[in-house]
Amino acid sequence: MTTHVDGAVPSVAPDPDDGNPDDGILDDGGSARHPSEFDDGSQWVRAEIQRRMAENRSTRGRHARRGEAAAGQPDGLGGREASQGRRRKPVAPARIPPPPPVPPPGSVAAGDLPENYVPRHSVLTPGPAAEPAAPISGPIPVVRPVADDGTTAEVPNTIETRSAPVGGPSLPPTGIPLPVRKRRTGPGVPLHGDGSAAGPWSRPGSSIVPDQPVQRLGAPPGVPGGSDSLPSWGVPASPPYGFAAAAAAPTEVTPRPDTGPAEIVDDAADTVDDVGVAAGAGLVQPADYTDYDDYDDDDDAYDDDEYDGDGDEYDDDGDGDGDGDTDDADDHDTGAVDTGAVDPAADTVDTAGTDLAEAATTVLPVIHTGTPPPARMVGIPVQRAPVHNRNVPPRPVTPRHIPVVGTAPPEPGSTRVRVVLSERKGVARPVRTIKEVQEGTAVGELLRRNLIRSQLMVTLRFAALTVFVLGTLPAVLTLLPEVGRFHLLGVRVPWLLLGLLMYPFLVGVAWRYTRVADRVEQNFADHVQD
Amino acid sequence: MSTSGIVALVAIALVAVASAFIGSLGVRVARSTSDFLVASRTVGPVANASAISGEYLSAASFLGVAGMILRDGADALWFPIAFTTGYLALVLFVAAPLRRSGAYTVPDFAVARLNSDGLRRMCTVFVLVIGWLYLLPQLQGAGLALTTLTALPAWSGIAGAGLVVVLTVVGGGMRSITFVQAFQFWLKLTALLVPAVFVLGLFLSDSRSLERDTAPDFRDATTVDVRTDAVLQTSETVNLVVDGTVDRVRVDGSVTWAPGRHEVAAGTQLKFPAGSPVPTVAGAPTTDREWLQPGTGDADYQMLAIYSVLIAGALGTMGLPHVLVRFYTNPDGRAARRTTVAVLAMIGGFYIVAVLVGVLARLYTPGLLATSETDAAVLLVPSAALGDGWTAWLLGGLVAAGTAAAFLSTSSGLVVSLAGVLYTDVLRGRWKDLRLAAVLSAVLPIAMALSVVRLDLGLTVPLVFAVAASTFCPLLVLGIWWRGLTARGAAAGVLVGGVLSTVAALLSLFARLPEGLLGLLIHRPAIATVPAAFLTMVVVSRMSKGEIPADVDDVLLRLHAPERLGLNHDRV
């Protein structure tokens, strides 16, 4: 995972953000506040951004910048200008703690989430990342906890940028860094609503926790809507991060600006439900995952990697290492460190690879909710721990954390927690399209009908062939006795046909049918999952 | 008792012991509810298919197919084809969606799809009807086998077989049934294949041919005991010694039969000299050449009968209670399809051998034609072809073992299924012991088997399939593929099809049928009752459109969407 991230980072890390964010972030957030924690987020974001850029979704570049910009602008926080992530991050911590503060930003973000965000970002960002921000706006929802502090801004920027591209939700996630490893210290990590404002994520310290995430974690109970999304965050693991702060923000977050986010939310919600992560404890909800999946599906690997990578990066940054080149190793390491106990699991998760990644992704979405600009997900404690939505009991996101988050911004340095929202393995990977199919939306209805109709057509085709053969043979053999007197291979034709050849025929029809029917199902599944 | 009889009894005992042993191994391994109910879905398609085939190939298949070929020739070739086609219909229409529905039985499916308790109860009733009707020929086949092999009275065979089945089920021997069933399938195939190969070798070195315009003849002087009223026909003049009632006249002495039909009352003894042409049961082809040719019997509406059997076999298989249960053992719908294809191949291979044995029986055991016991052909071919000696005895023992396996596997599976239904749906809360339900579900068919005149397996088995095809087939097919099905429509269709076919089946078993089309439709009801059931279901559903379940779309999606989308949830 990490590797990718790292790799991604470079690319992603476009100059500004990357350089700044990573290093800066790391330094700022990481070292100063929360050590590398947020790094992951940034990497992740980067990866996302890259991806998106590739996809052309939203302006990637923008996003990246936006992130910054966002950070800066929102910032109010501090700024995007400050953006240069580092500052922001630092700021972030501050913010984080004060979820309330976040709210403001968050509120902005949240309220607007989709729309507002965009504008804001763009606006906010105007300067540096402004443009990107705009695009981001959607994604931005991620509103990571904007680093309240100006400092944070930078980091956030990076993140945001990515997030922005995402189209909103997705980006944020990235940015957010599911991967985010929270550092324990990190309680601060929690994203704040601020983030929204700031956009930038503060590092743990600053805790740019996406609003939603926060909510979930801290108070899953808290914001319903937010909670959904939060769930994803729910990353239980990150106790450190107090998403609590986010709580306020979450609300805001909830309203996702971009459609994307909305979807994400849904997915997240679903995931959450499934997982039952909701548990008060911060559960990392896979829900977000879902979202990510949608976004990322293709990129799962990326996501994972990204996340991890992000995490790594953060760490790295914190460490001063290059971007998380180490990739996996780093990730793991980080993870281990961060998560602590959780991490091990996290590692496992990593192994799972995509799953985690996805999860991470998912998480990001949550972030989205937060301020789009969220520098890095820092706030998001990604539990590495393989918290799988289902299996793993969501790690108790420690209520404390929540409080922490809410209360005092966890320290920047707090441990990173990587929250793995979900695993892919699971049966259900609710994907947006799947949801649509399940919920009977127009698109879903169409897909459903197509599936059943095409299956029925296949079945009827083979049935018609069989009925034709079995239906005409008795009549032919009875009405045309000459056929029955004909010998083939020393055996009368009826005996040869009915006593011997009919069985291979029936088996052949059945075999051929299973092939065709499997293909139809395959196509449907591919359709839906893409 | 002859040596061959003792060998056969020992072989049967060995089968019972081996089955119990394999079953006990499984029980030791089984640790959870999932193990017991679905073997934790760790059974691969081939093993699972073996188990399904083992459970499906009953005494009727093992004995009946060869008997029908012996008597009816080319026209009987459609019976095994109909039974095999049942699995094709299963894979085409039902296998994967049924697996995905999570239903363990048809009543479960009714609830899952239409959420109607009334329909569930109705389905339960017909599961019992079908199960009991199907146990009847199984028990009678066991009685016939025991009588033929050891000369013990028929009732002892039925009672003994019933006792063995109840004991195995009650003793829990069938709990880990999968491997037992798989073992029994391969035993059955071996028991049929090895004697067939031996006898085929003999046949290929034999100068006799079936391409002739005369009836088969008795190789040795033969005494035939007619146990049920019968109408025999002959195409040549036959001289025989009669002790009993022939053509409504009490006779005790020599008689000459002119070509044509002759009524023989139950209890009559006929003695044919060696070389005498063999009279056949009325309606069946008399000469070998006619036997080889399709559509040459002089029964009425033969083509209609063939179509009716095809419909019953093709659509009835999916409604047999002991077959459906196995599909839930598959890990997913895709595996369910593959399993069904494997079953198709296994059963097809088995029937090819069974047909071959039937052909050989025409040459070596034509004497059976003069009785109503052509079903004993498989049991008698080895000794008839190979004469006395250890080879023949051992082969006879092998066939006996296969017969026992066929009987035990199907009967046990049926009794377990019926006991489950009785226990959960009928006796709910009143009886706490599943074993009592097992005893209850076996008592009625045993009593019927003892009291009802034994009929050809070729008659009774298609009747059971007709009932299944007229009730559960429309429910499953329309439930899976048609969004507009309502609980009311389904209930009406099941009721119409079920009542019509059940009445026809009971009339066929207990009453003398009228001649002509009506008689045929009672005898082979599927061609009328299946369309009636479908039609009723569609029309009534149309009339109650408002009652279409609200969750129909979700349910249908679950039935058809591949598991990897995560829409399905297994209960066990």
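Order of the sequence lines fixes the chain letters, A, B, ..., with proteins taken first and strands second; residue numbering starts at 1 for each chain. Atoms considered below: every heavy atom in the structure, side chains included; atoms not considered: hydrogens, waters and symmetry mates. In this text, all values refer to a predicted model and were calculated from it rather than measured experimentally.
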Visitor: Is chain A contacted by the side chain of B/Pro97, its backbone, both, or neither, given a heavy-atom distance below 4.5 Å?
Guide: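 Looking at B/Pro97, nothing touches chain A.
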Visitor: Considering only heavy atoms and a distance below 4.5 Å, find which of B/Thr340, B/Thr85, B/Val343, B/Val355 pairs most often with chain A.
Guide: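 Winner by heavy-atom pair count: B/Thr85.
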Visitor: Can you list every side chain to side chain donor-acceptor pair (under 3.5 Å) pair that touches residues 493-511 of chain A, not counting sequence neighbours?
Guide: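 Matches after skipping sequence neighbours: none remain.
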Visitor: In terms of heavy-atom pairs under 4.5 Å with chain B, which of A/Gln522, A/Arg453, A/Arg449 leads?
Guide: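 Going by pairs under 4.5 Å, I would pick A/Gln522.
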Visitor: As an exercise: rank A/Leu498, A/Leu451, A/Thr478 by heavy-atom pairs under 4.5 Å with chain B and give me the winner.
Guide: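 Of the candidates given, the most pairs with chain B belong to A/Leu498.
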Visitor: What part of A/Tyr513 lies closer than 4.5 angstrom to a heavy atom of chain B: side chain, backbone, both or neither?
Guide: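 When you check distances to chain B, only side chain atoms of A/Tyr513 fall under 4.5 Å.
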Visitor: Could you tell me which portion of B/Val359 (side chain, backbone, both or neither) has an atom closer than 4.5 angstrom to a non-hydrogen atom of chain A?
Guide: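 Contact with chain A involves the side chain of B/Val359 alone.
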Visitor: Let me know if B/Ile81 has heavy atoms under 4.5 Å from chain A in its side chain, its backbone, both or neither.
Guide: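 Both parts, backbone and side chain.
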Visitor: Tell me, for A/Thr514 versus chain B, whether the close heavy atoms (under 4.5 Å) come from the side chain, the backbone, both or neither.
Guide: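 Both parts, heavy atoms under 4.5 Å.
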Visitor: Which class fits the ring pair B/Phe93 and B/Trp481: parallel under 30°, tilted 30 to 60°, perpendicular over 60°?
Guide: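 Because their plane-to-plane angle is over 60°, the rings of B/Phe93 and B/Trp481 count as perpendicular.
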Visitor: Which answer fits B/Ile347, side chain, backbone, both or neither, if we ask what part of it has an atom under 4.5 Å from a heavy atom of chain A?
Guide: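 For B/Ile347, no heavy atom lies under 4.5 Å from chain A.
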Visitor: Which bit of A/Leu497 is near chain B, if near means a heavy-atom gap under 4.5 Å: side chain, backbone, both or neither?
Guide: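 Answer is neither: A/Leu497 stays 4.5 Å or more from chain B.
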Visitor: Using modelled atom types and a 3.5 Å cut-off, is there a donor and acceptor pairing between side-chain atoms of B/Arg99 and backbone atoms of B/Pro331?
Guide: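 Such a contact is found between B/Arg99 side chain and B/Pro331 backbone.
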Visitor: Which residue pairs pass the salt bridge (Lys or Arg N to Asp or Glu O under 4.0 Å) test when at least one of the two sits in residues 476-485 of chain B, sequence neighbours left out?
Guide: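 Sorted result for residues 476-485 of chain B: B/Arg483-B/Asp553.
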Visitor: Between B/Gly86 and B/Thr317, what is the shortest heavy-atom contact and its length?
Guide: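 Between these two residues, the closest heavy atoms are CA-OG1, 3.4 Å.
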Visitor: With distance as the sole test, does B/Ser101 use its side chain to make a donor-acceptor pair with the main-chain N or O of B/Leu98 at under 3.5 Å?
Guide: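 A pair under 3.5 Å: yes.
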Visitor: Where does the angle between the aromatic ring planes of B/Tyr56 and B/Phe465 fall among parallel (under 30°), tilted (30 to 60°) and perpendicular (over 60°)?
Guide: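 Perpendicular.
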Visitor: Quick one: closest heavy-atom pair of B/Val91 and B/Arg337, and the distance?
Guide: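 For B/Val91 versus B/Arg337, the nearest heavy atoms are CG2-O, 3.8 Å.
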Visitor: Under 4.5 Å heavy-atom distance to chain A, tell me which part of B/Leu310 shows up: side chain, backbone, both or neither.
Guide: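 The side chain, not the backbone.
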Visitor: When you check the gap from the basic side-chain N to the acidic O, do B/Arg558 and B/Asp551 get nearer than 4.0 Å?
Guide: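 Looking at B/Arg558 and B/Asp551, the cut-off is not met.
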Visitor: Heavy-atom pairs under 4.5 Å with chain A: which of B/Ala89, B/Gly358, B/Gly73, B/Ala95 has the most?
Guide: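 The option with the most such pairs is B/Gly73.
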Visitor: Between B/Ile352, B/Thr84, B/Leu292, which shows the greatest number of heavy-atom pairs under 4.5 Å with chain A?
Guide: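 Counting heavy-atom pairs under 4.5 Å, the top option is B/Leu292.
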Visitor: Considering only heavy atoms and a distance below 4.5 Å, find which of A/Val520, A/Leu456, A/Leu477, A/Val493 pairs most often with chain B.
Guide: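 Among the listed options, the one with the most contacts to chain B is A/Leu456.
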Visitor: What part of B/Leu556 gets closer than 4.5 Å to chain A, counting heavy atoms only: side chain, backbone, both or neither?
Guide: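 Both backbone and side chain of B/Leu556 come within 4.5 Å of chain A.
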Visitor: If only atom types and distance count, is the side chain of B/Arg113 paired as donor or acceptor with the main-chain N or O of B/Gly479 below 3.5 Å?
Guide: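 The answer is yes, because a donor-acceptor pair under 3.5 Å joins these two groups.
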